[in-house]
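The structure appears below as structure tokens.
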Amino acid sequence: MLFRRSCTYNVEQSTRHYAKSSVTLCNLGVGATFGESILHDLPRDSTVVTKTTCELLRVEQQDFRLIWEKNKELMNDIITNCKIKNGFGPGVQPAAATSPTKRPLSPDHPNPALPITETPSPAMNRMGWALRTLLVVDNSSCLKDRKVSGKLIRKCAPGTELVDWLVNLAPIVHTRAQAAGMWQALLEEGVLTHVNKEQPFKDKCFLYRFRLDEEGGAPAAGIPAADDLSAANEHIREALSALFQRGPDATLRMILRKPSHERTPEELELVFEELVHIAALSHLSTSIKRELSSIIVFEAHAQAGTILFNQGDEGRSWYILLKGSVDVVIHGKGTVATLKTGDDFGKLALINDAPRAATIVLKENNCHLLRVDKEHFNRILRDVEANTLRLQEHGKDVLVLERVAKQRGQHSAFKYTVMSGTPNKMLEHLLETRLGQSVSGMDPFLDDFLLTHIVFMPVVQLVDELANYFHCDAHEEAQTPEDREYIINFKKRVIQFMQKWVMAVRHAAFEEPSVCDFIEDLAAEVEADADLNEETSIIHNVLTQMARYQEDRNQNAGQKWKLPTNGQPICLFSGNATPSKTVIRPDDDIIFRVYCADHTYCTLRFPMHTTAELIKACAADKLQLNRGPDDLCLVEVKSNGERAVFKDNDVSIPTGLTLNGRLFVSVKDHLDALTPLPEQECPTEGVDIDLEILSTKELAYHITIFEWDLFWAVHEYELLYHTFGRHHFGKITANLDVFLRRFNEVQYWIVTELVSTPSLSKRVGLVRKFIKLAAYCKEYQNLNAFFAIVMGLSNMAVTRLHQTWEKIPSKFRKIFQEFEALIDPSRNHRAYRVFVGKLQPPLIPFMPLLLKDMTFAHEGNKTSLDGLVNFEKMHMMAQTMRTIRFCRSRSLGLEPPSPKSEGEVRSYISSFRVIDNQRVLTAMSQKVEPTRKLN
Ligand code: CMP
């Protein structure tokens, strides 16, 4: 057995006297193997002649046998396909012959010696008949019985003689190559065949026969009947013209069915010229098309209904339809698209290393395709593929993918990312490409989807779709083993999806009863299906988390909150053993006041998710306003007198108020009469403490612990509710509201403390303390408080205190300047983004900036583009939501600065006494440091 390294050979079949009449069967190039007959002790059936200087690797018979014994399975292909690979084997059966419905998975090696149709078309048959009839009359010695290798072959003619005759016969034929092309056109339909079915038509001494002679359909001998002769004469002009037209295409197809090493430079040029006109390749450069010329393969399928490949199969090739049409069929959907001449398909699986997204079924007989196999696709095309891929169903775009720009350090297996799509198609694409065992390397598509689907696909709809996928076998009675494998794989993906879902959104996944029902359903199915054994532990894990959530819910049922006149809502009752880290839930009750114009009020208790409409009606009733709901509105009156009217369908109203804001119910026409309560301007509640005696580090520590708990309670979804408007979802944003409220509380606390300290020296001491406090918060990575403190110190009412600032040591002023530079909003908060980008969790981010990013993504991008979900927008939003996840990915675990952690400090920092009216603050600032009069 020989392995060729660098040379070319001729493999020749000799008649008994080799020197006289040898026939070159094929040329072998680098990489070809030959001589496999030693395995079965057969005599060599051809002679191998070197064409150039050669280097070979040789394996002796006994060694080869030994290797074979040990590696039969691996070597089977080498042995059985050796001839085919070398271009002169028995050939591959057409797809439909091996399996009536399914094409074998391994890439074919099309053989140019075989016909591309099952039976010749009547027109070609007739052309063949006419040519044969005239040939017999013109040159009776051309078509005759000949002996080849001792075997008698009836009525055959050498290629050269057939070409001679045709060139003489037809004035339109000017070259021998044209004539050979015409004979090849007959050969590819099976009207003419090589005697051993091993050669395409060649202008050489290979022998060919007419199908008529093979089948015995021609007159045994002699001159054709006069009628036949005149019919043939009548038909020949038309036949020659048709064949003349077909010749070049047939030649091209023949070249495209040859192995690449057999294509001559002239042939490659012909292929290249053809590729230039193919629309599916139009985006590719000339050099790439040249590369393709040597490896692109022609493939023909005779039978409509042949399955080219199945959904779920491994992707092996990319196709371009040259002739005919194919149906794109998807499990549970049927035919979603029909692709026509010029369309291409099968790229998706290759590019994303994912299973086939659809089954491709031939719609017509005699479809012609061009095929690029995976290894070549990856080498030549994968990195130069078009920027956008669009998938259609029923004539409409359903998924738009775009090439991912390669980023340094990023190793995603996926070259294409989803830009937009219908919710269902995106889910389908997700299940097929981002879940399952074969998935290696992850891009954020799955996580983006899990974090944002509530915007475009409500939970109930998502569960419905997943249930459909999981039960996709419900209506299929007879399943082939392949179908079963596909279905089981899909079920596994649904289970994995549930696991990832729960991991990504935690308890929010269980809030919808339909999700819990579905999980229980899945668990029962997994238990009952042996094929899903491996998924048992996954579904049990999900069940455990669900049980934990339900237990926690039961324990905390009836959780109650009170909205105080300042500070954060206070938890009055919680089943939670540690009262910190208490999440505000939609059905928790909250106690709050609603005022009317004369400042009388009623106290209400409602679940957090209660709508403004209901609160309004109930408050109006209690306050005896005696007006219909349409005349009334629920409104916040802020401490500066501003009014903000709530929409009737708004929820989580009490937590949404500004710091010293109060809720009023008012007749719509009398909104102007609403004034703030005196306590809104000058709050009286709150702990009175001499700040000077508190340790600054202790303060920073307790502020951080307190805010960590508030931050921890915020769910990523609340950012979406906040950005799109909670009334869209009917979901509360109470935890986020509270956290944002805290930011303002700290900021105004700083200002309030400074402007209400009449003593200059005490003010100086306070400014120093607050700068130190900011420094400690920064050290504890509580950037939210850090920003609030620095912004408080930069408030106009504070910066104008020149006497105070003059007395601040330059060391402190310098630190403060650095802090101001860090909160500088220019270039989209670049300084802060760079700083925070280097931090490791745990950290508390500057939440208003995250909300700004969400709003920016929302307002700058439409949610829907031409009826498709703009998934790029979802990706942008998910990135911000992931920041929150990252910040909390490690628990806080700060060391208390002193062993006796002071309860007094904790209660002080949890409810500051704050003035949030800028006018009042500026007036107070004026009072402690009146503006200097210029002389
Ligand atoms: P691939 O997943 O490799 O194999 C099936 C091919 O069908 C797929 O690539 C696409 O090229 C093609 N196709 C066309 N329309 C659709 C569609 N709506 N959904 C999925 N695949 C489609």
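Predicted model only: the values in this text are computed from it and were never measured.
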Just do the side chain to side chain contact (heavy atoms under 4.5 Å, CB included) check on Glu393 and Ile330 with the steps written out, would you?
CA-CA 10 Å; Glu393 285 182 10; Ile330 294 182; 3.6 Å; yes
Taking the six-membered ring for Trp, are [X] and [Y] parallel (under 30°), tilted (30 to 60°) or perpendicular (over 60°)?
{"X": "Phe309", "Y": "Phe345", "answer": "tilted"}
{"X": "Tyr486", "Y": "Phe490", "answer": "tilted"}
{"X": "Phe470", "Y": "Phe518", "answer": "perpendicular"}
{"X": "Phe445", "Y": "Phe449", "answer": "perpendicular"}
{"X": "Phe846", "Y": "Phe743", "answer": "tilted"}

Are [X] and [Y] linked by a side-chain donor-acceptor pair shorter than 3.5 Å?
{"X": "Glu636", "Y": "Thr658", "value": "yes"}
{"X": "Arg833", "Y": "Asn828", "value": "yes"}
{"X": "Asp464", "Y": "Asn468", "value": "no"}
{"X": "Trp561", "Y": "Asp589", "value": "no"}
{"X": "Gln840", "Y": "Gln781", "value": "no"}
{"X": "Glu535", "Y": "His540", "value": "no"}
{"X": "Arg553", "Y": "Gln550", "value": "no"}

For side-chain hydrogen bond (donor to acceptor under 3.5 Å, both in side chains), just list the numbers for His331 and Glu428, CA-CA rounded to whole Å, side-chain angles, deciding distance to a tenth of an Å, and then say yes or no.
CA-CA 10 Å; His331 272 273; Glu428 182 185 290; over 6 Å; no
Taking all non-hydrogen atoms of both residues, which atom of [X] and which atom of [Y] are closest, and how far apart?
{"X": "Pro842", "Y": "Trp708", "result": "CB-CH2, 3.6 Å"}
{"X": "Ala508", "Y": "His715", "result": "CB-NE2, 3.5 Å"}
{"X": "Asn784", "Y": "Pro848", "result": "OD1-CD, 3.7 Å"}
{"X": "Leu868", "Y": "Asp397", "result": "CD2-O, 3.3 Å"}
{"X": "Leu543", "Y": "Ile519", "result": "CD2-CG2, 3.8 Å"}

Please walk me through it: do Lys560 and Asp588 pass salt bridge (charged side-chain N to carboxylate O under 4.0 Å, His left out)?
CA-CA 6 Å; Lys560 208 162 59 189; Asp588 285 358; over 6 Å; no
Looking at Glu716 and Arg888, is any side-chain nitrogen of the basic one under 4.0 Å from a carboxylate oxygen of the acidic one?
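Salt bridge present between Arg888 and Glu716.
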I'd like to know if Lys340 and Asp327 make a salt bridge, using a cut-off of under 4.0 Å between side-chain N and carboxylate O.
no
Report, as yes or no, whether the 6.0 Å neighbourhood of atom CZ on Phe856 holds more than 12 heavy atoms from other residues, nucleotides or ligands.
no
Got a sec: does the NZ of Lys852 have more than 12 other heavy atoms crowding it under 6.0 Å?
yes
Picking from Ile538, Ile539, Val526, what satisfies side chain to side chain contact (heavy atoms under 4.5 Å, CB included) with Leu532?
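Single pass found, and it is Val526.
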Paired with Arg726, the side chain to side chain contact (heavy atoms under 4.5 Å, CB included) test is passed by just one of Asp737, Leu720, Leu736, namely Asp737
Would a distance-only check, ignoring hydrogens and angles, find a side-chain to backbone donor-acceptor pair under 3.5 Å from Arg390 to Leu399?
no
With sequence neighbours left out, what residues match His858 under side chain to side chain contact (heavy atoms under 4.5 Å, CB included)?
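With neighbours one apart ignored, the set is Thr723, Phe724, Thr863, Lys873, Met877.
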Relative to Tyr469, does Arg493 satisfy both conditions: NZ or CZ under 6.0 angstrom from the six-membered ring centre, and within 45 degrees of the ring's axis?
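Checked: cation-pi criterion not met.
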Asp587 versus Gln559: any side-chain heavy-atom pair under 4.5 Å?
no
